[in-house]
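Have a look at the structure that comes next, please.
One is the number of the first residue; the rest follow in order along the sequence.
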Amino acid sequence: QVQLVESGGGLVQPGGSLRLSCAASGTIFAINIMGWYRQAPGKQRELVANVDNVNNIKYVDSVKGRFTISRDNAKNTVYLQMNSLKPEDTAVYYCNIKQNLWRPIEDDYWGQGTQVTVSS
């Protein structure tokens with residue numbers, strides 16, 4: 001069993017910053033991918049960024065140069081530093097971990113989501 005506890009999120013003006021944190025607990029294997037997804041009103045859920053246990057990183061094009069994902073393997077924690085926030089970043093952000101990647105369908109766990117609102 002795996003549990004994800006999210007923190008951060010909130011209200012911020014355009015150009016501001018927020019940092020999201022997510023700590024995983026339970027049976028966490030050394031090889032895994034942790035990341036952040038978001039779902040905005042009227043849009044499909046999309047991958048924002050993810051990072052594996054050896055720091056391979058992916059970002060969606062719309063956040064490149066503004067967001068930074070990082071992780072602390074000792075704490076099983078992933079962070080998303082969000083700078084230069086735009087109204088279009090407004091969404092519910094979900095933490096995710098994937099492990100047992102050798103399986104055709106890997107084990108996939110989700111946090112409950114945290115609201116990020118960017119508005120003047």
Side-chain angles (χ1 to χ4, degrees):
Q1 295 289 337
V2 174
Q3 301 82 42
L4 298 174
V5 179
E6 299 184 26
S7 63
L11 302 172
V12 66
Q13 293 185 337
S17 297
L18 288 171
R19 189 176 79 156
L20 307 182
S21 299
C22 175
S25 62
T27 304
I28 308 300
F29 297 109
I31 300 174
N32 63 67
I33 301 171
M34 300 187 74
W36 295 93
Y37 294 71
R38 68 186 180 187
Q39 188 164 23
K43 293 187 176 182
Q44 300 293 319
R45 184 177 297 188
E46 67 173 350
L47 173 69
V48 178
N50 64 23
V51 54
D52 69 13
N53 50 284
V54 291
N55 281 326
N56 295 301
I57 294 173
K58 295 180 180 178
Y59 295 103
V60 66
D61 285 345
S62 60
V63 310
K64 289 180 179 177
R66 300 189 297 119
F67 291 10
T68 302
I69 191 168
S70 61
R71 63 183 289 162
D72 184 335
N73 291 341
K75 297 180 179 179
N76 291 319
T77 299
V78 64
Y79 307 93
L80 186 67
Q81 179 67 46
M82 303 184 292
N83 297 328
S84 301
L85 283 161
K86 302 176 180 179
E88 51 263 44
D89 296 316
T90 296
V92 178
Y93 285 69
Y94 297 92
C95 180
N96 171 265
I97 184 169
K98 303 180 189 297
Q99 59 183 16
N100 288 327
L101 303 174
W102 53 271
R103 292 181 174 179
I105 302 176
E106 68 271 19
D107 291 331
D108 199 16
Y109 298 90
W110 296 88
Q112 296 303 306
T114 184
Q115 177 70 47
V116 172
T117 302
V118 184
S119 180
S120 298

In Å and rounded to the nearest 0.5 Å, what is the CH2 to NZ distance from W110 to K98?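 Output value for this atom pair is 5.5 Å.
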
Quick one: do I69 and Y109 end up in the same hydrophobic cluster if we chain Ile, Leu, Val, Met, Phe, Trp and Tyr together by side-chain heavy atoms under 4.5 Å apart?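 Cluster IDs for I69 and Y109 match.
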
Euclidean distance, T27 OG1 relative to Q3 CD, rounded to 0.5 Å: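 One gets 8.5 Å once the value is rounded to the nearest 0.5 Å.
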
For a side-chain hydrogen bond (donor to acceptor under 3.5 Å, both in side chains) with R71, tell me which candidate from N76, N32, N55 qualifies. N32

Are the side chains of N50 and N96 in touch, meaning some heavy atoms are under 4.5 Å apart? no

Please tell me if the side chains of D89 and F67 come closer than 4.5 Å, counting only heavy atoms from C-beta onward.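 Contact flag for D89/F67 side chains = yes.
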
In this structure, would Y59 and Y37 fall into the same cluster of hydrophobic residues linked by side-chain contacts under 4.5 Å? no

Spacing of D52 atom CG and K58 atom NZ [to the nearest 0.5 Å]: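 That separation rounds to 9.5 Å.
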
Indicate the atoms forming the closest heavy-atom contact of C22 with M34, along with that distance.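 Of all heavy-atom pairs spanning C22 and M34, the closest is O-CE, 4.2 Å.
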
Quick check: are there more than 12 heavy atoms from other residues, nucleotides or ligands sitting under 6.0 Å from CG of L101?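 Yes, because the 6.0 Å sphere around CG of L101 holds more than 12 heavy atoms from other groups.
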
Considering residues at least two apart in sequence or located in another chain, which fulfil the ring pair (Phe, Tyr, Trp, His ring centres under 6.0 Å) criterion with Y94?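 Here no residue qualifies.
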
Can you list everything that forms a side chain to side chain donor-acceptor pair (under 3.5 Å) with S17? Sequence neighbours excluded, please.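 Once residues adjacent in sequence are excluded, the partners of S17 under the side chain to side chain donor-acceptor pair (under 3.5 Å) criterion are N83.
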
Before accepting this row, confirm whether a basic side-chain N of the pair D61/K64 lies closer than 4.0 Å to the acidic partner's carboxylate O. yes

Test item: R38 and E46 side chains (from C-beta on) under 4.5 Å apart, heavy atoms: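 Of all side-chain heavy-atom pairs linking E46 with R38, at least one is under 4.5 Å.
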
How many angstroms lie between OH in Y79 and OG1 in T68, if you round to the nearest 0.5 Å?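 Going from OH on Y79 over to OG1 on T68, the span is 14.0 Å.
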
Between I97 and I28, is a side chain to side chain contact (heavy atoms under 4.5 Å, CB included) present by the stated rule, with each step listed? CA-CA 9 Å; I97 184 169; I28 308 300; 4.2 Å; yes

Any side-chain heavy-atom pair from W36 and C95 closer than 4.5 angstrom? yes

Count I, L, V, M, F, W, Y as connected when their side-chain heavy atoms are under 4.5 Å apart, and connections chain through other members. Are I33 and L80 then in the same cluster? no

Within the structure provided, determine whether Q99 and V2 are in side-chain contact (heavy-atom separation under 4.5 Å). yes

Quick one: does L4's side chain get under 4.5 Å of Q112's, heavy atoms only? no

Which atom pair, heavy atoms only, marks the closest approach of R66 to L85?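 For R66 versus L85, the nearest heavy atoms are NH1-CA, 3.9 Å.
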
Interatomic distance, Q115 atom CD to T90 atom OG1 [nearest 0.5 angstrom]: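 Separation between the atoms: 7.0 Å.
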
Keeping the roles fixed (side chain from T114, backbone from G8), state whether a donor-acceptor pair exists under 3.5 Å. yes

Residues that E106 engages under side chain to side chain donor-acceptor pair (under 3.5 Å), provided they are two or more places apart: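 Listed in chain order: nothing, the list is empty.
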
Is there a path of hydrophobic side-chain contacts, each under 4.5 Å between heavy atoms of I/L/V/M/F/W/Y residues, joining I57 to V78? yes

Give me the atom names and distance for the closest heavy-atom approach of I31 to N53.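 Heavy-atom minimum between the residues: CA-OD1, 3.3 Å.
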
Treat each ILVMFWY residue as a node, draw an edge where side-chain heavy atoms are under 4.5 Å apart, and state whether V60 and V92 are in one component. no

